[in-house]
Every structure is written in C-alpha cells, then in structure tokens.
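Remarks on the structure that follows.
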Amino acid sequence: MTRTINEIGYWAGLAAFASAVAYDVVQILQVVGVLRFPLDEILIYGTSLCIVVPFVLEMLALHHLTSHDKRFWTHASVIFATIYAVFVTANYVVQLATVIPAKLRSAAEAIGVLEQTPHSLFWDYDAVGYVAMGLATLVAVPALSNVGFERWVRFSLIANALVTPLISIVYFYPTYSNKLLFLGFPWAITAPLFMLMLALMLRRRQTP
C-alpha cells in the first residue's frame, strides 16, 4: 500500500505542478494582452481548477507517508488544503459554468454578484483559498526532516508560505491594479516549485 501512496503522491504532485505552470503562462499572456475574453478567463479558471484535486491528493499522500509523531502537522496541512479546495472550487465552477456563459449571452448584469471582480464575494473566496494553501505549506514544514533532500523540500514549503502575506495584500489592498498583481508574482515560482519538490520527495519516502 505504501508503494501505491508513493506513486499517487508523486503523480498528483506532478499534475499540480504542471497545472500551476500552465496557470502562470496563461496569467502572463493575459496581462500582456495576448489572451482576451473569453479565452483568457476560461484558461485562467480552467488551469486553476486543475490544480485543486492533485494538490489535495499530494498533501494527503504526505500525511499517510509521515511518521505518527509528526502527523499532527500533516493532518493540519490536509485540513487547510481542504479549505483551499472548497473555496476555490466553488469560485472556479461558478465562473466557468455560470458567469462566462452569461457574459457571452450579454446577460452579465443578471449575475453580477457572482462575477469575480476585485473585492467581490468570489474574489474573497479566491483569497481565502490561496491563503489556506499557504497555511497548508507552512504547517507541513515540521513534518519534514532538516537533512538531505527533505531539507530542500522544507525550504520550498517555507518559501511558498512566506509569499502568502504578499498574496493577501494583492487581494485585500483597497485599490487593485495590474501593478499590484506583480506583488504576488513570486507565487508563480514558489507554488510550482514546492509541488514539484514535494512530489519528488514522496516517491522516495519509506514506510513511516
């Protein structure tokens, strides 16, 4: 069974990594004006949605491949990962299945409360989700050893957690702008990095 969890965690981590990189590329193309509506929003929300399940499975695999004396930390990490999953899934499904089709029918006014715009309801949902992801990586740190390859995985988790305050500023600063968006750009590096590093670690972890 351990071998199966190793493989699930590894492949889930690679899937989360690939989805995060795809999101990064789409976000950059949108900011520079290469992608426009509706393709930009479809790809942004679509790639973001693809991160969710693989990320949760990766953190769940970490939990089951961690020794019992450190499982409090991985259990907490799974809880925060679940909070992330619930909030962002609610957001992305609404945007993809309801908001974008309504915009294409020129009926956006009827569902304006559902649209993710700065400081709207679903904007805050997205914010809570990514803050929860940052907390999931932070609380997972004590579950990893500080030697060998796991030390580097710890660093990648810490780096992603340190970006979380910047993400919070991007979401909650009173006035939003594309310039403010760049404040959260380090996430585009730290998130795929920790997902990849953790995946590689999970494949080699032994029975706790």
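- Between Ser19 and Thr47 there is no side-chain heavy-atom pair separated by less than 4.5 Å.
- Between the CG atom of Leu29 and the CG atom of Asp24 there is a distance of 11.0 Å, given to the nearest 0.5 Å.
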Residue pair Leu180, Thr175: steps toward the side-chain contact (heavy atoms from CB on, under 4.5 Å) verdict: CA-CA 9 Å; Leu180 185 64; Thr175 304; over 6 Å; no
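- Surrounding CZ of Phe182 are at most 12 heavy atoms belonging to other residues, nucleotides or ligands under 6.0 Å away.
- Residues Val170 and Tyr176 form a side-chain contact, since some pair of their non-hydrogen atoms from C-beta on lies under 4.5 Å apart.
- Under the 30°/60° scheme for interplanar angles, the aromatic rings of Trp123 and His119 are found to be tilted.
- Residues Asn91 and Gln95 meet the side-chain proximity criterion, which asks for heavy atoms closer than 4.5 Å.
- Between Ser145 and Arg154, the shortest heavy-atom contact is O-CD, 2.9 Å.
- Side-chain contact between Leu35 and Gln27 is absent, with no heavy-atom pair separated by less than 4.5 Å.
- For the atom pair Leu202 CG and Thr66 OG1, the distance stands at 8.0 Å (nearest 0.5 Å).
- When each of Tyr125, Phe55, Tyr92 is tested with Tyr84 by the rule ring-ring contact (aromatic ring centres under 6.0 Å, His included), just one qualifies, namely Phe55.
- When all heavy atoms are compared, the tightest approach of Ala61 to Gly9 is CB-CA, 3.5 Å.
- The number of heavy-atom neighbours closer than 6.0 Å to CZ of Phe185, taken from other residues, nucleotides and ligands shown, is 12 or below.
- Interatomic distance, CD1 of Ile158 versus OG1 of Thr190, reported as 12.5 Å (0.5 Å rounding).
- Between Val52 and Ala85 the shortest heavy-atom distance is CG1-CB, 3.5 Å.
- Counting heavy atoms from C-beta outward, Leu104 and Pro101 have side chains that stay 4.5 Å or more apart.
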Steps toward side-chain contact (heavy atoms from CB on, under 4.5 Å) verdict (Phe194, Phe155): CA-CA 8 Å; Phe194 90 76; Phe155 286 153; over 6 Å; no
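- Although no hydrogens or angles enter the test, the distance criterion places a donor-acceptor pair under 3.5 Å between the side chain of Ser77 and the main chain of Ala136.
- For Ala16 against Pro54, the heavy-atom pair with the smallest separation is N-CB, 3.6 Å.
- Leu62 and Val53 fall into different hydrophobic clusters, defined by Ile, Leu, Val, Met, Phe, Trp and Tyr side-chain heavy atoms under 4.5 Å apart, directly or through other members.
- Atoms CZ and OH, on Arg203 and Tyr10 in that order, are 4.5 Å from each other to the nearest 0.5 Å.
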side-chain contact (heavy atoms from CB on, under 4.5 Å) assessment of Leu138 paired with Phe80: CA-CA 10 Å; Leu138 178 63; Phe80 283 119; over 6 Å; no
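- With 3.5 Å as the limit, one finds no donor-acceptor pair spanning the side chains of Asn146 and Glu150.
- In terms of hydrophobic clustering, with Ile, Leu, Val, Met, Phe, Trp and Tyr side chains grouped at heavy-atom distances under 4.5 Å, Tyr173 and Phe122 are assigned to different clusters.
- Val26 places none of its side-chain heavy atoms less than 4.5 Å from the side chain of Asp40.
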Test side-chain contact (heavy atoms from CB on, under 4.5 Å) applied to Met59 and Leu198, step by step: CA-CA 9 Å; Met59 303 313 289; Leu198 187 58; 3.6 Å; yes
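- With no hydrogens or angles considered, a side-chain donor-acceptor pair links Tyr171 and Asp126 at under 3.5 Å.
- The number of heavy-atom neighbours closer than 6.0 Å to CH2 of Trp73, taken from other residues, nucleotides and ligands shown, is 12 or below.
- The structure places OG1 of Thr137 at 4.5 Å from CG of Asn160, a figure rounded to the nearest 0.5 Å.
- Residues Val94 and Ile44 are members of separate hydrophobic clusters, defined by side-chain heavy-atom contacts under 4.5 angstrom among Ile, Leu, Val, Met, Phe, Trp and Tyr.
- Atoms CG and CG, on Leu200 and Leu196 in that order, are 4.5 Å from each other to the nearest 0.5 Å.
- Residues Glu115 and Lys103 are in side-chain contact: their nearest non-hydrogen atoms beyond the backbone lie under 4.5 Å apart.
- No side-chain N or O of Glu41 forms a donor-acceptor pair with one of Tyr45 less than 3.5 Å apart.
- By the rule that hydrophobic residues join a cluster once side-chain heavy atoms approach within less than 4.5 Å of another member, Met197 and Val21 end up as members of one cluster.
- The hydrophobic cluster containing Ile83 does not contain Leu60, counting ILVMFWY residues as joined when their side-chain heavy atoms lie under 4.5 angstrom apart, directly or transitively.
- Checking side-chain atoms of Arg71 against main-chain N and O of His64 turns up a donor-acceptor pair under 3.5 Å.
- Of all heavy-atom pairs between Leu49 and Leu96, the closest is CD2-CD1, 4.2 Å.
- Heavy atoms only, all atoms of each residue included: Pro192 and Phe17 are closest at O-CD1, 3.1 Å.
- Note: His75 and His63 have tilted aromatic rings, judged against thresholds of 30 and 60 degrees for the angle between ring planes.
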